[in-house]
2 protein chains.
Amino acid sequence: MNTQSTRADDILRCARALIARGGYNSFSYADISKVVGIRTASIHHHFPSKSDLVRVLVAQYREEASAGLARLEQAIPDPLDQLRAYLGYWERCFADMAAPFCVCALLAGETPVLPEEVAVEVRGHFRRLAEWLTGVFERGAAQGRLRLSGTARADAEMFMATTHGAMLSARAYGDAKAFGAITRPLLERIAA
Amino acid sequence: MNTQSTRADDILRCARALIARGGYNSFSYADISKVVGIRTASIHHHFPSKSDLVRVLVAQYREEASAGLARLEQAIPDPLDQLRAYLGYWERCFADMAAPFCVCALLAGETPVLPEEVAVEVRGHFRRLAEWLTGVFERGAAQGRLRLSGTARADAEMFMATTHGAMLSARAYGDAKAFGAITRPLLERIAA
DNA sequence: CAGAGCCTACCAACTAGTAGGGAGCCTGTC
DNA sequence: GACAGGCTCCCTACTAGTTGGTAGGCTCTG
């Protein structure tokens, strides 16, 4: 357990919220400085460069997501309910305005202008999520709970794409409810 | 026809390519200056502020998209083929690396940090595209060419979200073929 | 002459990042 | 117990380069 200074965590939490608003190039150390109450030079002490900060941030995000999926899988046995819970999580995020976007989905769009190290982490998140979803679809099909329209892998990729696209639509429409409006029919369609 | 100075068009074309790489905050007047061969001050002569430039850029993008959809609709009678052609267009864009992302999809993610006027244009594009797709799904269902899983509107929104999400996945994976891999099964699923 | 288009020369604010110093705290040693 | 050394964290002060944007002047054209 690292009970050590919460400052680095404060910085990461703040940076994550800022990135979720507009991506890599839409925030600066000065923005973090104002929120966390620390000088920009002190942020450099914790994270020497911006790419370091964002790489660590995304790596931590991936760990949390992975842990969350594992917890979800343990708590909920039914594959369809697992998908429902996954989408429900994001629906609640949008409703709360807490973290109204997947950091990795946003960064994925900016890939060409991202530091390579960050792009690698983002790719890792997409792979991990796609793998988890593939597993869910495989088990769902085997148990007769989900109706596959192609391979489990293909359905998983499509599910992920629709989810991310629904986040974009919600932002474009300026309407948090749009996310649920798009993803709920998605669930109905794949339910056996 | 406005045969007038191609400079403004050069600037718009260049800015569009730059935005398609990483969004609103990832390019500057200096970047355009280097490519177009003009001083940044001269860009301000054509577009007083950055938000002006991007607003006009997105408005022009919307017009082209609208015209493209109208042309597509005239040339191709079958609704399923229309969707095929729409996705084919983007697949070719990705393959060429010409314009490997929908400008509006990328900007949609950045909505919270976008100038209001730009966000309005982006929203307009999403509305227009969703409306067109809704029409295609309605006609497809009426002609027995497409299988709806919900209302035409809901299916259209889902189709659009999946398309945009597939763009994100292609970028995240660093693999242009991923777009086709995700969207082709999508077509098969909705074909009657 | 008027205006369009482009220039040079600015500007203030902001960008990520560096240098160096001071306060506090742990740790080892006499 | 004292005290030196080193380490962590944060500070002020600074840098060079970039940001979007302005002022004013030149040239070419209708």
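Chain letters run A, B, ... following the sequence lines, proteins first and then strands; every chain starts at 1. Heavy-atom basis, side chains included; hydrogens, waters and symmetry copies ignored. Quick caveat: nothing in here was measured; it's all calculated off a predicted structure.
For the salt bridge (Lys or Arg N to Asp or Glu O under 4.0 Å) condition, the pairs that include at least one residue of residues 182-192 of chain A, sequence neighbours left out, are A:Glu91-A:Arg184. Residue pairs meeting the ring-ring contact (aromatic ring centres under 6.0 Å, His included) criterion with at least one partner in residues 7-43 of chain A, sequence neighbours excluded, are A:Tyr29-A:His44.
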Practice problem: Before giving the answer on side-chain hydrogen bond (donor to acceptor under 3.5 Å, both in side chains), spell out for A:Ser49 and A:Asp52 the whole-Å C-alpha distance, their side-chain angles and the decisive distance to 0.1 Å. | Solution: CA-CA 5 Å; A:Ser49 76; A:Asp52 287 321; 3.1 Å; yes
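Side-chain nitrogen and oxygen atoms of B:Arg7 include none within less than 4.0 Å of the OP1 or OP2 phosphate oxygen of C:dG5. Here B:Ser42 does not reach the OP1 or OP2 of C:dG5: none of its side-chain N or O atoms lies under 4.0 Å away.
Summarising the geometry, the separation between CD1 on A:Ile11 and P on D:dC9 is reported as 10 Å, rounded to the nearest angstrom. Going from atom CG of A:Leu53 over to atom C1' of C:dT15 covers 15 Å, rounded to whole Å. The CD1 atom of A:Ile43 sits 11 Å away from the C1' atom of D:dC10 (whole-angstrom rounding). Between A:Arg39 atom CZ and C:dG22 atom C1' the separation is 16 Å, expressed in whole Å.
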Let me check something: any side-chain donor-acceptor pairs from residues 151-159 of chain B under 3.5 Å, sequence neighbours excluded? List them with distances.
unit_1, atom_1, unit_2, atom_2, d
B:Thr151, OG1, B:Ala154, N, 2.9
B:Arg153, NE, B:Glu157, OE2, 3.4
B:Arg153, NH2, B:Glu157, OE2, 3.0
B:Asp155, OD1, B:Ser149, OG, 3.3
B:Asp155, OD1, B:Gly150, N, 3.0
B:Asp155, OD2, B:Ser149, N, 3.1
B:Glu157, OE1, A:Tyr173, OH, 3.2
B:Glu157, OE2, A:Tyr173, OH, 2.9

Which donor-acceptor pairs under 3.5 Å do side chains of residues 74-82 of chain A form with protein atoms, sequence neighbours excluded?
unit_1, atom_1, unit_2, atom_2, d
A:Asp78, OD1, A:Arg145, NE, 2.6
A:Asp78, OD2, A:Leu80, N, 3.3
A:Asp78, OD2, A:Asp81, N, 3.0
A:Asp78, OD2, A:Arg145, NE, 3.4
A:Asp78, OD2, A:Arg145, NH2, 2.9
A:Asp81, OD1, A:Arg84, NE, 3.3
A:Asp81, OD1, A:Arg84, NH2, 3.4
A:Gln82, NE2, A:Ile76, O, 2.7

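You'll find that the side chain of B:His45 is closest to C:dG5, out of D:dC11, C:dC7, C:dG5.
Looking at residues two or more places apart in sequence or on another chain, you find no side-chain contact (heavy atoms from CB on, under 4.5 Å) involving B:Arg147.
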Quiz item: Base, backbone or nothing for each nucleotide of nucleotides 13-30 of chain D, written B, S, -, heavy atoms under 4.0 angstrom, 5' to 3'?
Solution: B-----SSBBB-------
